[in-house]
Amino acid sequence: MKYPAELYLPSLRPYRGLDELKYLFHDRTITVTHCGRICFGRRKINLSTVFAGQSVGVKDVSDKIWLVTFMDYDLGFFDHETGRLENIDNPFAVKVLPMSSV
């Protein structure tokens with residue numbers, strides 16, 4: 001049995017990261033800190049460290065309710081007063097239709 005390093009070669013194409021993300025229909029574009037937060041005024045909203053260094057779009061959808069988006073995916077909403085992000089249903093989840101009674 002061989003180890004993966006014995007079978008695979010490194011890619012010849014260098015990874016350059018994502019292009020600059022633009023959120024045309026959002027109010028603000030904010031860069032996520034290395035600890036996974038966005039600084040929104042005096043509030044610090046926790047997202048995730050997986051977004052560290054990436055830009056997210058923030059859009060006012062209601063009175064002091066903001067939508068956070070990464071690329072084409074809406075991550076969740078946060079209230080300006082509590083500063084807590086509430087998740088949206090997983091956009092990658094399998095969609096299962098209810099079973100028919102027939």
Side-chain angles (χ1 to χ4, degrees):
M1 182 179 224
K2 293 185 178 185
Y3 295 105
E6 296 173 326
L7 298 173
Y8 298 102
L9 299 173
S11 175
L12 299 175
R13 298 178 298 161
Y15 178 68
R16 300 189 199 313
L18 295 174
D19 293 336
E20 183 180 340
L21 299 174
K22 295 182 179 167
Y23 299 96
L24 301 176
F25 299 108
H26 287 71
D27 298 329
R28 300 180 190 178
T29 299
I30 302 174
T31 301
V32 179
T33 64
H34 71 280
C35 58
R37 295 178 181 163
I38 57 172
C39 298
F40 194 79
R42 292 182 172 230
R43 298 270 181 210
K44 295 186 181 352
I45 315 303
N46 292 320
L47 291 181
S48 173
T49 55
V50 298
F51 297 111
Q54 299 296 329
S55 296
V56 294
V58 179
K59 179 179 180 181
D60 186 11
V61 293
S62 184
D63 188 34
K64 297 186 180 181
I65 305 293
W66 298 82
L67 171 68
V68 180
T69 304
F70 177 70
M71 297 178 75
D72 295 329
Y73 302 101
D74 295 332
L75 301 177
F77 297 96
F78 72 89
D79 182 350
H80 185 74
E81 293 182 16
T82 63
R84 222 173 104 202
L85 186 74
E86 297 293 330
N87 296 333
I88 296 178
D89 291 337
N90 183 357
F92 304 107
V94 177
K95 309 278 190 288
V96 179
L97 297 174
M99 293 183 66
S100 172
S101 61
V102 179

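Along the sequence shown, residues are numbered consecutively beginning with 1.
Annotation for Ile65 and Asp60: closest pair O-OD1, 3.2 Å, computed over non-hydrogen atoms. Nearest heavy atom pair, residue Thr33 against residue Cys39, reads CG2-SG, 4.2 Å. The minimum heavy-atom distance between Ile38 and Phe78, with the atom names listed, is CD1-CE2, 4.3 Å. Among all heavy-atom pairs drawn from His26 and Leu67, the shortest one is CD2-O, 4.5 Å.
With sequence neighbours left out, Lys64 forms a salt bridge (charged side-chain N to carboxylate O under 4.0 Å, His left out) with Glu81. Listed by chain and number, the residues in a side chain to side chain contact (heavy atoms under 4.5 Å, CB included) with Glu86 are Arg84 (sequence neighbours excluded).
Under a hydrophobic-cluster definition in which Ile, Leu, Val, Met, Phe, Trp and Tyr are linked whenever side-chain heavy atoms come within less than 4.5 Å, directly or via other members, Ile45 and Val50 are assigned to the same cluster. Using a 4.5 Å cut-off between side-chain heavy atoms of Ile, Leu, Val, Met, Phe, Trp and Tyr, with links allowed through other members, Phe25 and Val61 fall into different hydrophobic clusters. Linking Ile, Leu, Val, Met, Phe, Trp and Tyr residues whenever their side-chain heavy atoms come within less than 4.5 Å places Leu75 and Phe40 in a single cluster. Both Leu21 and Val58 belong to a single network of hydrophobic side chains, linked directly or stepwise wherever heavy atoms of I, L, V, M, F, W or Y lie under 4.5 Å apart.
Looking only at side-chain heavy atoms (C-beta outward), Thr29 and Lys22 stay at 4.5 Å or farther from each other.
Annotation: the span from Tyr23 atom OH to Phe70 atom CZ amounts to 5.5 Å, rounded to 0.5 Å. Here the straight-line distance linking atom CE of Met71 with atom CG of Asp19 works out to 9.0 Å at 0.5 Å rounding. Between atom CG of residue Asp79 and atom CG of residue Asp63 there is a gap of 9.0 Å, rounded to the nearest 0.5 Å.
Open room surrounds CD on Glu20; 12 or fewer heavy atoms of other groups in view lie less than 6.0 Å from it.
A cation-pi arrangement is absent between Arg43 and Trp66, since the terminal nitrogen or guanidinium carbon is not both under 6.0 Å from the aromatic centre and inside a 45° cone about the axis.
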